[in-house]
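Residue numbers start from 1 in every chain, and the chains themselves are labelled A, B, ... in the order their sequence lines are given, proteins ahead of strands.
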There are 2 protein chains.
Amino acid sequence: MDRLASIKSFVRTVETGSFSAVARELQTTQPTISKQIAALEDYLDVQLLTRSTRKLKLTEAGEQFYSHCQAILDTVDAAEASVGKRQQPSGLLRINCPITFGQRIIIPRLKAFLAQYPQIEVDLMLSDRIINLVEDGVDLAIRIGNNSDQSLIAQPIGTTRVNTMAAASYLEEHGEPQSPQELADHNCITYTQLAKPNEWNYQSKSNDPCVVKVNGNLKVDSSVAICQAVLSGLGIALAPTWLCCDDISQGDVKLLFPDYKPNLLPIYAVYRRGRFQPAKITCFIEYLAAEFKLDPWLADESLLPR
Amino acid sequence: MDRLASIKSFVRTVETGSFSAVARELQTTQPTISKQIAALEDYLDVQLLTRSTRKLKLTEAGEQFYSHCQAILDTVDAAEASVGKRQQPSGLLRINCPITFGQRIIIPRLKAFLAQYPQIEVDLMLSDRIINLVEDGVDLAIRIGNNSDQSLIAQPIGTTRVNTMAAASYLEEHGEPQSPQELADHNCITYTQLAKPNEWNYQSKSNDPCVVKVNGNLKVDSSVAICQAVLSGLGIALAPTWLCCDDISQGDVKLLFPDYKPNLLPIYAVYRRGRFQPAKITCFIEYLAAEFKLDPWLADESLLPR
DNA sequence: TATAATTCATTCCAAATCAGAATGAATCGG
DNA sequence: CCGATTCATTCTGATTTGGAATGAATTATA
């Protein structure tokens, strides 16, 4: 029996609560995991998990053992990373990020990254739902806006600017509002995921915050849809500039209210705390941070030309 | 490949400097160790050892890796010890101690110990030479007198009393000296392992230290021989009382100079520092310490009836 | 200097192990 | 009550493993 492999399987089993899930994650089959853990129990001469046909539960001994396991895997990782070829980042890198951000920002940058680090493989998991890094076995998540989970480290790597925007075609047809207050006379596309989708906040460059109530005939719950809707000229939206950055550059979409500050949201690279940091993770974060610094749509505000 | 097994083999290889030695220690064959380490190198993609047909040498990477390995094994040991049946002491316990001490003191006590801990196996290695615990893969050594190696922990578990003694038959034939000074007229058996075999130190109960020069027609380099020589009535010897304790009790051997304090030497249990302490080691030390406390020949001076 | 002994690498073979497919039983959700 | 999912078990084929044998190199010994 390979105790290390068993321990790894055990750890992931505890974290996912399922042999099958671990099997999928480790690219093997459920009987393999089942037998590995049985062998580990046999070796330790103690039961680690109580199994019902559908649920797993840690025994007291299992809890005891689990509390040591992360340390074992970390120590081994550190030892292996300290020598040879493994100093070169390698392995499978599981990334999670919001769907549209992945499509627009991450995927176009993956090719160069993978070319730079030929020994890394990426498994990109797109979801707008906030996932649990531990349960889903994700190495790294990209999150926009503040993060609450204290068991995670959130490293800022860029800034999202949220602006009011509309298609040039829409503005031609309906006229361009000159101040947020005029939005009341326009069709505004609202994002139902927000706490108050119909209240848009503004702050003029002279520092007067104000809230504007908006309305419109289109509410959506995905940023993909916002983008599509704006492009189709369906109305005015408040959205991250990177969502339509190409169209803005080409003049198809126009940013409104240049005299108002954009809302700024930090972009974070989020990863597990207290864990040995594989090189594959840190080098991807560094790559992204460098990329974002060069991209005027994502760079930190302070670095932008005024 | 079982990485943990390979790491263990690697660690022992570094410490012994030989595949064959490790193979003997781990009860396997040399090709097995050779292949394990080759597999580990293959896995890490780096050479750990440079091999000539007869010598092994750590590479830089090997040194790097080795510096992490003890931590790995310790973490794993701690994890395994924290659960289940393994809390009960078990496994192979390698003990080293001086030859006569082993024969007279340790072996007679092993039976009860092994009966108390049926899952422990003992490998007792007797040698008067001071061995290297690490190199020889010894868990625990019993040493008499002070220990110098700072990488080892020496825990006092008893006291050796060194007394002047002779067989009753010898005393009948040659008369019994009444003070150390009279030893000049007797045949004294000297122990050549000491720095000054012919100088015996005495301290009367009124605290006057003195040195006596002795001579005789028998010099020996082993404590077994001293014991035999005394019993055969060959002469007077300065020796640990436990060496002939049965004969002393039976009156065949007599302790001289009751008005002088015996020289006291501490008996230490010596084990490796900074390492996770397997239960098998600590329980043997505790067992011995308890046994010695009950044995008037070995108990600590302060506990003895005056 | 020659011989014996020890060391490590390699090869080969038998035995053990392991991974995966198939199957079955239990449970959960609808 | 049915379909889907979960875990355990069994079986089989493939892989891996461990040990004996061998050979080359080196050291110790005579």
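Under a 3.5 Å cut-off, the side chain of A:Arg94 and the backbone N or O of A:Val122 do not form any donor-acceptor pair. Between the side chain of A:Asp136 and the main chain of A:Val138, no donor-acceptor pair closer than 3.5 Å is present.
If you take CG on A:Leu44 and CD1 on A:Ile7, they are separated by 8.0 Å, rounding to the nearest 0.5 Å. Rounding to the nearest 0.5 angstrom, the gap separating the OG atom in B:Ser223 from the CD atom in B:Gln228 is 11.0 Å. Expressed to the nearest 0.5 Å, how far OG1 of A:Thr75 lies from NE2 of B:His68 amounts to 9.0 Å.
The aromatic rings of A:Phe113 and A:Tyr287 sit tilted, their planes meeting at an angle between 30° and 60°.
The phosphate of D:dT6 (OP1 or OP2) has no side-chain N or O of A:Arg51 nearer than 4.0 angstrom.
One end of the helix from C:dT1-D:dA30 to C:dG30-D:dC1 points its axis 40° away from the other end's axis, with each axis taken from 5 pairs and the angle rounded to 10°.
Considering every non-hydrogen atom in both B:Phe19 and B:Ile33, the closest pair reads O-CG1, 4.0 Å. The minimum heavy-atom distance linking A:Thr192 with A:Lys219 is given by the pair CG2-CB, 3.7 Å.
Screening residues 45-67 of chain A for ring-ring contact (aromatic ring centres under 6.0 Å, His included) gives A:Phe10-A:Phe65 as the qualifying pairs, with residues at least two apart or on separate chains.
Put simply, CG on B:Asp42 is 12 Å from P on D:dT16, counting in whole angstrom units. Taking atom CE on A:Met1 and atom C1' on C:dA16, their separation rounds to 15 Å, with Å as the unit.
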Give me the distances for all protein-to-nucleotides 2-4 of chain C N/O pairs that come in under 3.5 Å?
none

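At a threshold of 4.5 Å between non-hydrogen side-chain atoms, the residues A:Ile72 and A:Arg3 do not count as touching. Side-chain contact between B:Leu152 and B:Tyr271: absent, with no pair of heavy atoms (C-beta onward) separated by less than 4.5 Å. Between B:Val270 and B:Ile142 there is no side-chain heavy-atom pair separated by less than 4.5 Å.
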If a protein heavy atom is under 4.0 Å from the base, mark B; if only from the sugar-phosphate, S; if neither, -; do that for nucleotides 25-30 of chain D going 5' to 3'. SBS---
Please report, to 0.1 Å, the donor-acceptor pairs under 3.5 Å made by any side chain of residues 126-133 of chain A, with sequence neighbours excluded.
{"from": "A:Ser127", "atom 1": "OG", "to": "A:Asn96", "atom 2": "ND2", "distance (Å)": "3.0"}
{"from": "A:Ser127", "atom 1": "OG", "to": "A:Arg129", "atom 2": "O", "distance (Å)": "3.1"}
{"from": "A:Asp128", "atom 1": "OD1", "to": "A:Ile99", "atom 2": "N", "distance (Å)": "2.9"}
{"from": "A:Asn132", "atom 1": "OD1", "to": "A:Val134", "atom 2": "N", "distance (Å)": "2.8"}
{"from": "A:Asn132", "atom 1": "OD1", "to": "A:Glu135", "atom 2": "N", "distance (Å)": "3.0"}

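For the segment residues 16-40 of chain B, the set of residues with a heavy atom within less than 4.0 Å of an atom of DNA chain C comprises B:Ser18, B:Phe19, B:Ser20, B:Arg24, B:Gln30, B:Pro31, B:Ser34, B:Lys35, in numerical order.
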